[in-house]
Peer 1: 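Supplied in structure tokens, the structure appears directly below.
Just so it is clear, the values below take in all heavy atoms, side chains as well, and ignore hydrogens, waters and symmetry mates. Below, chain A is the first sequence line, B the second, and so on; all start at residue 1.
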Number of protein chains: 2
Amino acid sequence: MLADFNPYHHFGFLTHRVARLMDQFMEPMLKSKGYHFPVSCIGILADLWSGDGITQKELGTSMVKTKSSVNKMLEALENHGLVTKKVDPDDKRNKLIFLTAKGHEFRELLEKQSLFYQSKYLQEHSDEEINIAKSVLKSIYLNLKDKVKTAY
Amino acid sequence: MLADFNPYHHFGFLTHRVARLMDQFMEPMLKSKGYHFPVSCIGILADLWSGDGITQKELGTSMVKTKSSVNKMLEALENHGLVTKKVDPDDKRNKLIFLTAKGHEFRELLEKQSLFYQSKYLQEHSDEEINIAKSVLKSIYLNLKDKVKTAY
DNA sequence: TCCTAATAGTTCATAAATGAACTAATATTG
DNA sequence: CAATATTAGTTCATTTATGAACTATTAGGA
């Protein structure tokens with residue numbers, strides 16, 4: 001007979017559910033600010049905040065999303081005036097994605113929310129533990145990111 | 001001017017991407033074993049491995065998914081002979097979900113994969129760090145789980 | 001008890017994400 | 001320097017996930 005199954009020992013279980021919970025909390029906040037795009041689009045903004053002027057291809061790899069999905073999300077963000085597409089003068093196949101002023105502003109809102117939830121719901125963990133958790137997740141991400149099928 | 005944005009400081013960013021990477025690795029494995037259901041269905045199985053005979057409502061709360069989504073996933077798992085639905089004799093509104101023998105077997109496969117990836121892609125972190133990471137994610141999950149809108 | 005809430009699950013229309021086929025531009029190679 | 005292959009992005013058909021309306025059952029209050 002197998003030992004008891006403990007779902008909390010599996011990053012697959014934990015990351016999926018925590019990710020979904022974050023979406024649930026972020027969504028009404030988005031709506032209340034008049035932004036009617038899917039929460040997943042925030043992932044695109046996060047990449048751009050770390051440095052915009054990147055291609056859709058790069059966004060797709062980073063987000064682990066197909067190019068058609070990225071395209072659709074960008075359309076939504078563009079319609080809300082948060083990003084713009086510019087043809088890359090050095091390689092006209094590429095489109096470089098840039099944040100608008102409004103797209104930059106959005107960042108503050110998100111960081112505020114992020115800090116709020118962390119302080120409210122992670123009181124039982126020290127800053128050190130929280131940082132370890134983040135660094136472990138970062139390692140998984142960086143180690144696996146470039147190993148998924150190249151269809152993206 | 002704002003400081004640089006570091007996406008690796010945000011659980012929202014990290015959990016979404018790690019979750020997606022796990023899906024990418026799990027999917028071909030599923031297909032190769034002849035299981036043609038969405039990877040997300042594994043979340044249902046995980047709940048059942050920790051104890052089956054639970055309602056669809058409970059699955060929805062745990063998975064942070066709507067009842068219609070849960071219903072669709074169960075349909076897929078049922079078609080693959082991994083779970084069965086039984087009307088709860090004590091409350092005929094409920095349907096209790098049980099694993100079949102095949103559904104139990106599946107667990108071994110998943111745990112093997114889970115361990116394999118962890119050992120392969122988390123070599124730079126100690127067991128202690130990995131456990132801290134899991135416990136932090138678990139706390140976020142447990143603290144937020146029952147606070148999302150009750151529509152689920 | 002009877003009448004009204006509330007609840008679990010299903011169904012179906014809609015939204016979101018994907019895969020495959022297509023276009024335009026660049027890279028490669030003979 | 002053609003001819004072909006590769007690449008980034010778009011478009012559209014299909015799959016997956018959701019929200020809202022509906023059914024059946026139980027709970028709760030007059």
Peer 1: Going by the rule side chain to side chain contact (heavy atoms under 4.5 Å, CB included), which residues pair with A:Y117 if we only count those two or more places apart in sequence or in a different chain?
Peer 2: A:F25, A:Q113, A:Y121

Peer 1: Salt bridge or not for B:R17 and A:D47, using N-O below 4.0 Å?
Peer 2: yes

Peer 1: In Watson-Crick or G-U wobble terms, both distances under 3.5 Å, what is the partner of C:dA5?
Peer 2: none

Peer 1: Tracing side-chain links under 4.5 Å among I, L, V, M, F, W and Y, which residues wind up in one group with B:F98?
Peer 2: B:L96

Peer 1: Give me syn or anti for C:dA5, where syn covers glycosidic angles within 90 degrees of 0.
Peer 2: syn

Peer 1: Between the protein and nucleotides 11-17 of chain C, list the N/O to N/O atom pairs that are separated by less than 3.5 angstrom.
Peer 2:
from: C:dA17; atom 1: OP1; to: A:S40; atom 2: OG; distance (Å): 3.1

Peer 1: More than 12 foreign heavy atoms under 6.0 Å from NZ of A:K86: is that the case here?
Peer 2: yes

Peer 1: Report the distance from atom NZ of A:K57 to atom P of D:dG9, rounded to the nearest whole Å.
Peer 2: 9 Å

Peer 1: Tell me, please, which residues at least two apart from A:Y8 pass ring-ring contact (aromatic ring centres under 6.0 Å, His included).
Peer 2: A:F13

Peer 1: Distance check needed: D:dT15 P versus B:E27 CD, whole Å only.
Peer 2: 14 Å

Peer 1: Excluding sequence neighbours, so at least two apart, what forms ring-ring contact (aromatic ring centres under 6.0 Å, His included) with A:H10?
Peer 2: A:F5

Peer 1: Starting from C1' on D:dA17, measure out to NE2 on A:H16 and report it in whole angstrom.
Peer 2: 13 Å

Peer 1: Please collect all side chain to side chain donor-acceptor pair (under 3.5 Å) contacts where either partner lies in residues 71-84 of chain B, sequence neighbours excluded, each pair once.
Peer 2: B:N71-B:K85

Peer 1: Tell me which residues in residues 42-50 of chain A lie within less than 4.0 Å of DNA chain C, going by non-hydrogen atoms.
Peer 2: none

Peer 1: Please name all residues satisfying side chain to side chain donor-acceptor pair (under 3.5 Å) with A:E105, sequence neighbours left out, ordered by chain then number.
Peer 2: none

Peer 1: Please list, in numerical order, the residues of residues 84-96 of chain B that have a heavy atom closer than 4.0 Å to any atom of DNA chain C.
Peer 2: B:K85, B:R93, B:N94, B:K95

Peer 1: Please name all residues satisfying side chain to side chain contact (heavy atoms under 4.5 Å, CB included) with B:R93, sequence neighbours left out, ordered by chain then number.
Peer 2: B:D91

Peer 1: Using side chain to side chain donor-acceptor pair (under 3.5 Å) as the criterion, list what pairs up with B:K92, not counting sequence neighbours.
Peer 2: none

Peer 1: Need the pair for D:dC1. Rule: Watson-Crick or G-U wobble, both distances under 3.5 Å, any strand; none if unpaired.
Peer 2: C:dG30

Peer 1: For B:L115, what are the other residues in its hydrophobic cluster, where any two members join if their side-chain heavy atoms are less than 4.5 angstrom apart?
Peer 2: none

